Amino acid sequence: MIGCDCEVCRSNDPRDQRLRCAAVARTQGATVLIDAPPDLRAQALRAGLRKIDAVLFTHAHTDHVMGFDDLRRFTDAEGNLPVYGDAHTLARLRQAFDYAFDPSCKYPGYLHAIPHIIAGPVTVGPLTFQPVPVPHGRFTTNGFLIHEAGCPKLAYLPDCSDVPPPAREVLRKVPVLVIDGLRERPHPSHLSVSQAVEVAADLGAEQTYLTHIAHDFLHARREPTLPPRVRLAYDGLCLTV
Ligand SMILES: [Zn+2]
Ligand SMILES: [Zn+2]
Ligand SMILES: [Zn+2]
């Protein structure tokens, strides 16, 4: 947090040095980025990310879209990159990055986004991303249940204030759940840690990771107090599922 001197913001533990939320799903033949946060460039350099086949957006909040221009390094030879989001998200991207959606702006090195409105599961190579709409305060975001070769593998819901019954039915017994766990106190548009732990237990997820964490707690001190099947995610975490 800019200007904050709390023990988390001053911590030397790399797990406490939290950039914005994003994820990459990778398998043989497909690499898909979920969200393009303002620190995408630093994150992609750190992760050694060289190639992506498509980008999926959960929603249009600034902390998930403002790295959009850095996607120019991931286009194909013609400068194209498929971009998926709901209609509102794509409209906001068009507003902020008009040149990327303008066919007359095809200069070398520019990003040319090929927009796709998410109207059902999105398939990229062997990966399928099933949208899971969840409330995020007054907003709705798309979480994604990721399937590989027809098997549900991992659910990613970084921004949600609730997981209503229809979403819980879709997510029941998911092997790995990555879910919003912003802070200790309730928040109008995010799950608190205890709310996220309740969701994880109800779903029967084999393993859960909390993400979108603010600066309420030190990783090393908080994680051992969580139920055994709930962990804290951290920047750079790799999960093999
Ligand atoms: Zn702080
Ligand atoms: Zn958000
Ligand atoms: Zn967010």
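What you are looking at is a predicted structure, and each value in this text was computed from that prediction instead of being measured. All ligand and atom numbering here is 1-based and tracks the order in the structure.
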Exercise. Looking from the Zn ion (ligand 2), what is the angle between NE2 on H136 and ND1 on H61, to the nearest 10°?
Worked result: 90°

Exercise. Under 3.5 Å, is there a donor-acceptor pair between the D159 and H64 side chains?
Worked result: yes

Exercise. Has H59 got an N/O/S atom less than 2.8 Å from the Zn ion (ligand 2)?
Worked result: yes

Exercise. Do you see a donor-acceptor pair shorter than 3.5 Å between the side chains of D180 and H212?
Worked result: no

Seminar exercise, completed: the Zn ion (ligand 3) -> D159, closest N, O or S atom is OD2

Exercise. Within H190, is some N, O or S atom less than 2.8 Å away from the Zn ion (ligand 3)?
Worked result: no

For this session: Taking the Zn ion (ligand 1) as the vertex, measure the angle between atom SG in C6 and atom SG in C4; round to 10°.
Result: 110°

Exercise. Going by heavy atoms in the side chains, are F139 and S189 under 4.5 Å from each other?
Worked result: no

For this session: Return yes if a side-chain donor-acceptor contact under 3.5 Å exists between E78 and H112, otherwise no.
Result: no

Exercise. Taking 2.8 Å as the cut-off, does an N/O/S atom of H64 lie below it from the Zn ion (ligand 3)?
Worked result: yes

For this session: Starting from the Zn ion (ligand 3), look over the N/O/S atoms of D63 and name the nearest one.
Result: OD2

Problem set entry | Degrees at the Zn ion (ligand 1) between the SG atom of C9 and the ND1 atom of H215, nearest 10° | 110°

Exercise. Under 3.5 Å, is there a donor-acceptor pair linking the side chains of D69 and Y99?
Worked result: yes

Problem set entry | Taking every non-hydrogen atom, the tightest pair across H219 and L232 | CE1-O, 3.3 Å

